[in-house]
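Remarks on the structure that follows.
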Amino acid sequence: MTSHAPAGNARADQQLRELLEAAPDAIMQVDQAGSILLVNRAAESMFGYSRQDLLGQPIEILIPHEYREPHAGHRGKYRAHPSTRAMGSGLELSGLRRDGSRFPVEISLSPSHTDQGLRVTAIIRDMTERKRAEDKLRKLQEAYIRDLTSSNHELALRNREIEQANRLKSEFLASMSHELRTPLHTIIGFSELLGEELEGPLNERQKRFVSHIHKDSIHLLELINDILDLSKIESGRLELRPEVFDLKAVVEESLAAFQTLSQAKSIALEANVAVAQPVEADRLRFKQILINLLSNALKFTPEGGRVDVECAVRESFAVVSVRDTGIGIAKEAQQAVFDKFYQVGATTKGIREGTGLGLAITKRLVEEHGGRITLESEPGKGSRFTFTIPLNAIKKRGSSK
Ligand code: ADP
């Protein structure tokens, strides 16, 4: 190998030179005094000088005037602690072209010790394109953030307006409902009195009229009560009143309220309560949930059917289900029945009864307690509504606030 060394060296030198010339970055070498000893092609085109113009010149000619003096000082320090590293790390460095224009650069330095003293090789990368791309990206980001901030601001304003409108609506509904109920009670009361014929007998037609007045005014009262409930829930003004109670007793009370109706329709109405421990929830609201579900079950179950209530404990929840053998609910309507004013169709009596608000209220009351309500149903076979109530619903809600 030694015998081939001179030829081998020449070839290696040639390869090295080719590599140097092909490099996309400017590469230069300076001596201890900062005079340029070597430049590649990229350096020529980057700075706009020919090789001859550069060789032997101080490296400072490639640096903007105001940095020349400090640069000479830095060179002195580098000589004292030479190492391979980035130059001016964290600083924005600029190069100066022959035509006086400047451009951003990134420079890495590496020392080599020779017989003639320390030489420093600098690899200089033109950062113009990268800076331009970064600037563009930054501007885009800034514009995007500006847009986002202004649309957020607009959304917040909109939200406030909507909240305000919603609150006004709820307040209006609450006060209207109250104002409507008073005269309605008068209508209900007096139509009842008339129907009892204490003030004198009515003929058949008159009886029918009075009964219509009575029935429809009760329907109107239910509607108003439901709207009032819903507006309270929606405006966040519904307050749950926690109470520890016996689930079995509440279920039995609720069933008792439907005894007459179930007997009249020959519907078997039964409950199976497997909950031994007391439940802590709003007793009246719990009863309202159950009564809503029972009322629907009886309404939509034909004569001779069954309605069953089942209660059990699963983890920290009471799970209550109301199952009927009624007309059932088609798959596509099973979500919508919980919407406000949604009614699938006629009841078993062939007419529309109710307000279409019952399940919307029921769902919200369950959720206010921290529970969930689900529905399984098959048209023609029946429906099963299941809801869960945390055994200590109110305590949990209180502590999470
Ligand atoms: P409504 O006052 O009409 O009963 P709900 O909100 O309680 O209002 O119920 C909405 C609709 O869901 C009902 O009109 C009915 O079509 C359907 N539905 C509710 N419960 C049952 C059930 N147990 N069986 C069949 N359909 C039911």
Side-chain angles (χ1 to χ4, degrees), residues 173 177 180-181 184 215-234 238 251 254-255 257-259 261-262 264-272 284-311 319-369 371-388:
L173 280 179
S177 305
L180 287 170
R181 273 197 299 187
L184 210 48
K215 204 161 77 23
D216 279 358
S217 46
I218 285 190
H219 181 232
L220 199 53
L221 184 64
E222 280 171 7
L223 188 60
I224 290 167
N225 283 340
D226 279 357
I227 289 176
L228 188 62
D229 259 355
L230 206 58
S231 69
K232 259 197 208 154
I233 296 171
E234 288 188 342
L238 179 90
V251 171
S254 311
L255 249 57
F258 290 98
Q259 220 53 56
L261 182 61
S262 61
K265 277 184 92 174
S266 307
I267 290 173
L269 176 60
E270 279 173 30
N272 177 14
L284 283 181
R285 295 299 183 181
F286 180 88
K287 210 166 147 181
Q288 188 181 354
I289 296 168
L290 194 56
I291 283 178
N292 276 347
L293 295 179
L294 280 170
S295 143
N296 279 345
L298 285 162
K299 198 157 67 176
F300 296 104
T301 300
E303 296 203 354
R306 288 193 63 83
V307 172
D308 285 283
V309 179
E310 269 169 38
C311 305
V319 184
V320 183
S321 71
V322 177
R323 193 179 48 186
D324 63 56
T325 57
I327 59 173
I329 301 166
K331 194 120 211 104
E332 58 275 14
Q334 288 182 10
Q335 274 286 305
V337 290
F338 294 105
D339 291 345
K340 285 182 273 186
F341 298 110
Y342 185 90
Q343 295 182 300
V344 179
T347 64
T348 52
K349 287 193 208 155
I351 49 163
R352 275 186 191 230
E353 288 179 58
T355 61
L357 288 172
L359 284 177
I361 293 170
T362 302
K363 181 170 191 274
R364 284 172 172 79
L365 286 177
V366 169
E367 287 169 355
E368 283 287 314
H369 275 87
R372 290 189 56 202
I373 185 163
T374 53
L375 161 64
E376 298 151 79
S377 184
E378 204 177 313
K381 293 225 167 121
S383 312
R384 181 208 281 260
F385 285 87
T386 305
F387 67 93
T388 59

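Since we're looking at a predicted model, the values are computed, not measured. Both counts, for ligands and for their atoms, begin at 1 and track the order of listing.
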Problem - Distance (rounded to the nearest 0.5 Å) between I224 CD1 and D229 CG - result: 12.5 Å
Exercise for the section: Compute the shortest N/O to N/O distance between L359 and ligand 1 and return yes if it is under 3.5 Å, no if not. Expected result: yes
Problem - Lys/Arg-Asp/Glu bridge criterion (N-O < 4.0 Å) met for R372, E367 - result: no
Exercise for the section: Just jot down the ligand 1 atoms closer than 4.0 angstrom to any heavy atom of Y342, in number order. Expected result: 10 (C), 11 (C)
Exercise for the section: Could you tell me whether the side chains of R384 and S321 share a donor-acceptor contact shorter than 3.5 Å? Expected result: yes
Problem - Contacting atoms of ligand 1, where contact means under 4.0 angstrom from a heavy atom of V337 - result: 6 (O), 10 (C), 12 (O), 17 (C)
Practice task
Taking only heavy atoms of K299 into account, list the atoms of ligand 1 that are under 4.0 Å away from them.
Solution key: 1 (P), 2 (O), 4 (O)
Problem - Interfacing atoms of ligand 1 (cut-off 4.0 Å, heavy-atom, G328) - result: 25 (C)
Exercise for the section: Classify the contact between N292 and ligand 1 as side chain, backbone, both or neither, using a heavy-atom distance cut-off of under 4.0 Å. Expected result: neither
Practice task
Answer yes when R306 and E270 have at least one side-chain N-carboxylate O distance shorter than 4.0 Å, and no when they do not.
Solution key: yes
Practice task
Show which atoms of ligand 1 fall inside a sub-4.0 Å distance from at least one heavy-atom site of I329.
Solution key: 18 (N), 21 (C), 25 (C), 26 (N), 27 (C)
Exercise for the section: Check whether more than 12 heavy atoms from other residues, nucleotides or ligands sit under 6.0 Å from atom CD of Q335, and answer yes or no. Expected result: no
Fill in the blank from the handout: NZ of K363 to CZ of F385, rounded to nearest 0.5 Å, is 12.0 Å
Handout entry: Under-4.0 Å heavy-atom contact with ligand 1, by part of F385 that carries it
Key = side chain
Exercise for the section: Would you check whether G356 has a nitrogen or oxygen atom less than 3.5 angstrom from a nitrogen or oxygen atom of ligand 1? Expected result: yes
Problem - Validation row: D216, L220 side chains within 4.5 angstrom (heavy atoms) - result: no
